[in-house]
Amino acid sequence: MKLTVTKSKNSACFYVQKSIRKPNGGGTTTITIEKLGNLEEVKTKAKGQDPYKWAQEYVNELNRREYEEQKSILISYSPSKLLKSGEQKAYNSGYLFLQSIYYSLGLDKICKQITLKHQFEYDLNDILSKLVYTRILYPSSKLSSNRLASKFIEQPSFQLHDIYRALSVLAKESDFIQSKLYENSLKVLNRRKDILYYDCTNFYFELEEADDLRKYGKAKQHQPLPLVGMGLFMDYDGIPLAFDIYPGNKNEQPTLKPIEKRVLRDYGLEEIIVCTDAGLSSKTNRKFNDKTLGGERIRSFITTQSVKQLPDYLKEFALDPSGWHLINDDKTYNLEELDIDADYNKIFYKDRWVKEDLSKRKIKEGTKSLEQHLVVSFSLKYQNYQRKIRQGQIDRAKNLITSGKYKQRPKNQNDPHRFIKRQAATEDGEICSEEIVYLDTAVIENEQLYDGFYAVCTNLDDMRIDEIIKINKKRWEIEECFRIMKTEFKARPVYLQTEEHIKAHFITCFIALFVYRILEKKVGEKYTCEQLVDTMRDMIMARPGDGQGYIPIYTRTEITDTLHEHAGFRTDYEILTDISMKKAIRISKGKKK
């Protein structure tokens with residue numbers, strides 16, 4: 001590169017230019033790399049220096065950087081020379097792709113706002129970012145996260161005691177962080193705001209004694225340990241929206257309204273459809289999301305409905321083999337006449353509007369009825385799936401009976417013990433000499449009646465049935481969110497003790513899930529969570545002696561190429577100079593190259 005100055009009668013213009021070869025042997029040509037400005041503009045940049053001398057030094061520095069980035073580097077090693085004790089030789093660079101999302105979401109600015117409010121000395125942004133990166137790549141305790149943060153190229157600026165101080169602040173600012181994160185995310189990608197999904201799960205703690213937050217309750221994974229529940233809102237695209245935690249023995253149904261009210265208040269949402277499963281679809285929650293304003297519906301619901309729990313006349317309607325339809329088909333079908341080959345992948349439906357509570361509970365006199373649209377679907381494929389799962393449970397029940405390893409315990413819907421019946425007396429009431437244990441075929445036959453059937457309810461009166469079914473099907477993504485947090489990010493068990501630290505743990509997990517989900521969207525949702533996380537975790541850079549740069553010791557793959565393409569920098573050259581690595585770090589933080 002060279003400095004070119006074009007002079008006119010009253011001024012001069014400064015350019016950085018470079019000669020390049022034309023393709024196919026067409027000679028050389030000169031291109032302009034950068035326009036530095038006219039004489040007055042360059043004088044301003046020179047800040048008192050001679051403008052011509054400053055411009056030449058600027059070009060010289062560009063040439064030096066280009067040379068540093070392109071020169072071949074020779075590194076010598078000696079087989080008789082020991083490594084320096086305690087010198088770190090390997091660093092993870094995969095976190096840079098997470099950092100690119102973290103900074104694009106403005107989390108550094110959110111941390112700055114919190115810092116100005118609380119006036120502490122430690123770097124909250126450094127602590128939060130490292131907690132998020134380690135939660136995704138090296139999930140562990142806060143003590144281990146402090147140590148594992150040193151694996152990253154950018155070393156932590158904090159000590160362990162700073163982390164615990166920061167956790168208290170993060171807990172206090174949890175709602176603020178969630179709302180700002182949502183606001184900032186709208187600048188990063190388009191989010192569908194009209195359809196929200198809500199579900200709950202719980203996390204267990206490695207301790208024996210419960211307290212005000214951690215309570216003994218019904219664990220999703222059946223651990224006999226104190227629990228904390230989490231309620232999570234997610235948008236249509238599978239990206240988290242808001243969450244809160246509650247005592248592990250609390251009923252899930254009342255948790256929906258407080259979080260939804262906060263979302264409506266802080267997120268500026270108005271017209272929404274809330275989707276839940278049957279366990280959260282209490283009449284109170286349905287009525288809360290049955291709101292109109294000026295004759296227009298502004299809050300609606302779509303919820304799964306247990307066919308087993310329907311009133312008898314509706315159950316009879318749902319199980320009746322006649323009167324079924326296909327989407328965009330006026331023909332009426334009978335389930336008993338379906339062809340296993342031709343109709344296996346088809347979804348049949350029937351629907352009706354009802355003006356009463358769809359549970360078997362008694363309704364108070366004078367209570368206004370909630371008009372709902374009941375849609376029941378049937379699929380031979382779903383029927384076959386349910387029967388295949390049940391057969392596996394039946395086989396396990398038989399093995400338990402044969403081995404004598406069955407237990408007396410509460411039976412849930414997936415426990416093979418529900419098929420085992422124990423009888424200590426005859427039908428005449430006589431005491432048996434030995435307890436009779438056998439397979440309860442009546443329970444099996446009753447369950448089979450409902451195989452293949454699936455029902456949803458909604459108060460929407462202007463939405464097509466295929467659209468209702470499509471929206472409800474997306475509920476699997478919120479289950480996926482919980483699975484990622486629990487399995488990939490190892491959000492459980494939780495070892496923290498104070499309520500503030502526990503809340504901070506979950507806001508960290510929430511942000512980690514938020515960052516990961518957006519990264520997943522950016523790379524086109526082509527890879528599984530395991531593939532992406534394992535790839536980033538394995539992106540290790542070796543650090544030769546004497547500051548020679550960084551050498552990638554990971555395998556370049558389609559996934560690494562995709563990550564680099566969307567991040568706007570590369571770490572997969574044969575060697576990266578310190579200047580090149582600093583440039584990649586700057587780009588990952590959204591700064592100028």
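Side-chain atoms are counted along with the backbone in the values below, which use heavy atoms only and exclude waters and symmetry mates. None of the values given here were measured: they were computed from a predicted structure.
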Polar contact flag, side-chain donor to acceptor under 3.5 angstrom, K142-H505: yes
Can you confirm if the NZ or CZ of R543 lies within 45° of the ring axis of Y550 and under 6.0 Å from the centre of its six-membered ring? yes
E574 CD: over 12 foreign heavy atoms closer than 6.0 Å: no
Test your reading of the model: is there a side-chain donor-acceptor pair from K89 to the backbone of L83, 3.5 Å cut-off? no
What is the ring orientation for F152 with Y133, classed by angle as parallel under 30°, tilted 30 to 60°, or perpendicular over 60°? perpendicular
Could you go through the side-chain contact (heavy atoms from CB on, under 4.5 Å) check for F506 and D244 one step at a time? CA-CA 9 Å; F506 286 113; D244 203 356; over 6 Å; no
If we ignore hydrogens and angles and just use 3.5 Å, is the side chain of R191 paired with the main-chain N or O of I239 as donor and acceptor? yes
Separation of I540 CD1 from I553 CD1 (nearest 0.5 Å): 6.5 Å
Please check: side-chain N/O of T557 versus main-chain N/O of I559, any donor-acceptor pairing under 3.5 Å? yes
Is it the case that the side chains of S174 and Q178 hold a donor-acceptor pair, with the cut-off being a distance below 3.5 Å and no angle test? yes
Tightest non-hydrogen contact, residues T528 and Q531, listed as N-OE1, 2.9 Å
E41/K43 under salt bridge (Lys or Arg N to Asp or Glu O under 4.0 Å): CA gap, chis, key distance, verdict: CA-CA 5 Å; E41 290 171 331; K43 281 182 179 181; over 6 Å; no
With no hydrogens and no angle check, just 3.5 Å: does a side-chain donor-acceptor pair link Y516 and E488? no
Should E520 and R517 count as an ion pair when the cut-off is N to O under 4.0 Å? yes
When you look at Y103 and L107, which way does the side-chain contact (heavy atoms from CB on, under 4.5 Å) test go after all the steps? CA-CA 6 Å; Y103 275 81; L107 278 156; over 6 Å; no
Y554 and T571: side-chain donor and acceptor closer than 3.5 Å? yes
Go through the steps to decide whether Y58 and F14 satisfy the test ring pair (Phe, Tyr, Trp, His ring centres under 6.0 Å), and finish with yes or no. CA-CA 11 Å; Y58 180 81; F14 295 73; over 10 Å; no
How long is the straight-line distance from CG of D199 back to CE of M230, given to the nearest 0.5 Å? 12.0 Å
Roughly how far, to the nearest 0.5 Å, is the OH atom of Y164 from the CD1 atom of I127? 12.0 Å
Would you say that more than 12 heavy atoms from the other residues, nucleotides or ligands in this model lie under 6.0 Å from the CZ of F176, or not? yes
Let's go through L532 and L563 carefully: what are the C-alpha distance in whole Å and the side-chain angles of both, what is the deciding distance for side-chain contact (heavy atoms from CB on, under 4.5 Å) to 0.1 Å, and is it a yes or a no? CA-CA 9 Å; L532 279 175; L563 286 168; 4.2 Å; yes
Any side-chain donor paired with an acceptor under 3.5 Å for Y102 and S588? no
Does K474 qualify as a cation-pi partner of Y236, given the criterion of NZ or CZ under 6.0 Å from the six-membered ring centre and within 45 degrees of its axis? yes
Just wondering, are more than 12 heavy atoms of other shown residues or ligands nearer than 6.0 Å to CG in N190? no
Apply the test side-chain contact (heavy atoms from CB on, under 4.5 Å) to residues V228 and Y246: give CA-CA distance (whole Å), side-chain angles for both, the deciding distance (0.1 Å), then the verdict. CA-CA 6 Å; V228 164; Y246 55 88; over 6 Å; no
Partner of F510 by side-chain contact (heavy atoms from CB on, under 4.5 Å), out of L181, I177, L241: L181
Of the non-hydrogen atoms in A512 and I136, which two are nearest, and what is the gap between them? O-CD1, 3.5 Å
How far apart are the C-alpha atoms of Q155 and S150, what are their side-chain angles, what is the distance that settles it, and do they pass the side-chain hydrogen bond (donor to acceptor under 3.5 Å, both in side chains) test? CA-CA 5 Å; Q155 295 293 287; S150 63; 4.8 Å; no
Under the criterion ring pair (Phe, Tyr, Trp, His ring centres under 6.0 Å), I'd like the reasoning laid out for Y122 against F158: C-alpha separation, chi angles, the key distance, then a yes or no. CA-CA 7 Å; Y122 52 80; F158 50 83; 9.2 Å; no
Would you kindly check if the NZ (Lys) or CZ (Arg) of R135 is within the cone defined by 45 degrees around the ring axis of F489 and under 6.0 Å from the six-membered ring centre? no
Looking at R262 and E260, is there a salt bridge between them, counting it only when a charged N and a carboxylate O are closer than 4.0 Å? no
Could you walk me through whether N472 and Y197 pass the side-chain hydrogen bond (donor to acceptor under 3.5 Å, both in side chains) test, one step at a time? CA-CA 9 Å; N472 183 68; Y197 297 83; over 6 Å; no
If the threshold is 4.0 Å, N to carboxylate O, is there a salt bridge linking K112 and D123? no
Using a 3.5 Å distance criterion without hydrogens, assess whether the side chain of N125 forms a donor-acceptor pair with backbone atoms of C111. no
Taking atom types as modelled, is there a side-chain donor on S100 or K522 under 3.5 Å from an acceptor on the other? no
Could you check S11 against S8 for side-chain hydrogen bond (donor to acceptor under 3.5 Å, both in side chains), going step by step and ending with a plain yes or no? CA-CA 5 Å; S11 185; S8 63; 5.2 Å; no
On the six-membered ring of Y138, is K151 placed so that its NZ or CZ lies under 6.0 angstrom from the centre and within 45° of the ring axis? yes
May I have the step-by-step check of side-chain hydrogen bond (donor to acceptor under 3.5 Å, both in side chains) for Y95 and E154, ending in yes or no? CA-CA 10 Å; Y95 81 96; E154 296 169 275; 2.7 Å; yes
Identify the heavy atoms of I153 and S93 that sit nearest to each other, and give their distance. CD1-CB, 3.8 Å
Hey, are S168 and E500 close enough side-chain-wise for a donor-acceptor pair under 3.5 Å? yes
Hey, is D561 close enough to R556 for a salt bridge, meaning N to O under 4.0 Å? yes
Derivation of the ring pair (Phe, Tyr, Trp, His ring centres under 6.0 Å) call for F569 and F97: CA-CA 9 Å; F569 59 82; F97 305 104; 5.3 Å; yes
Just how far is it from atom OG1 of T555 to atom CG of D572, taken to the nearest 0.5 Å? 11.5 Å
First locate atom CD of Q99, then atom NZ of K589, and finally report the distance between them rounded to the nearest 0.5 Å. 5.0 Å
Distance (rounded to the nearest 0.5 Å) between K180 NZ and N184 CG: 5.5 Å
For the pair K521 and E525, find out whether any cationic side-chain nitrogen is under 4.0 Å from an anionic carboxylate oxygen. yes
Looking at D534, T535, T562, which hits side chain to side chain donor-acceptor pair (under 3.5 Å) with Y527? T562
Does a side-chain N-to-carboxylate-O contact under 4.0 Å join R483 and E479? no
Contacts of K117 that satisfy side chain to side chain donor-acceptor pair (under 3.5 Å) - sequence neighbours left out: E173
Applying salt bridge (Lys or Arg N to Asp or Glu O under 4.0 Å) to D126 and K130, what does each step give before you reach the verdict? CA-CA 6 Å; D126 193 26; K130 296 297 193 297; 2.6 Å; yes
Are more than 12 heavy atoms from other residues, nucleotides or ligands located less than 6.0 Å from atom CD of E530? yes
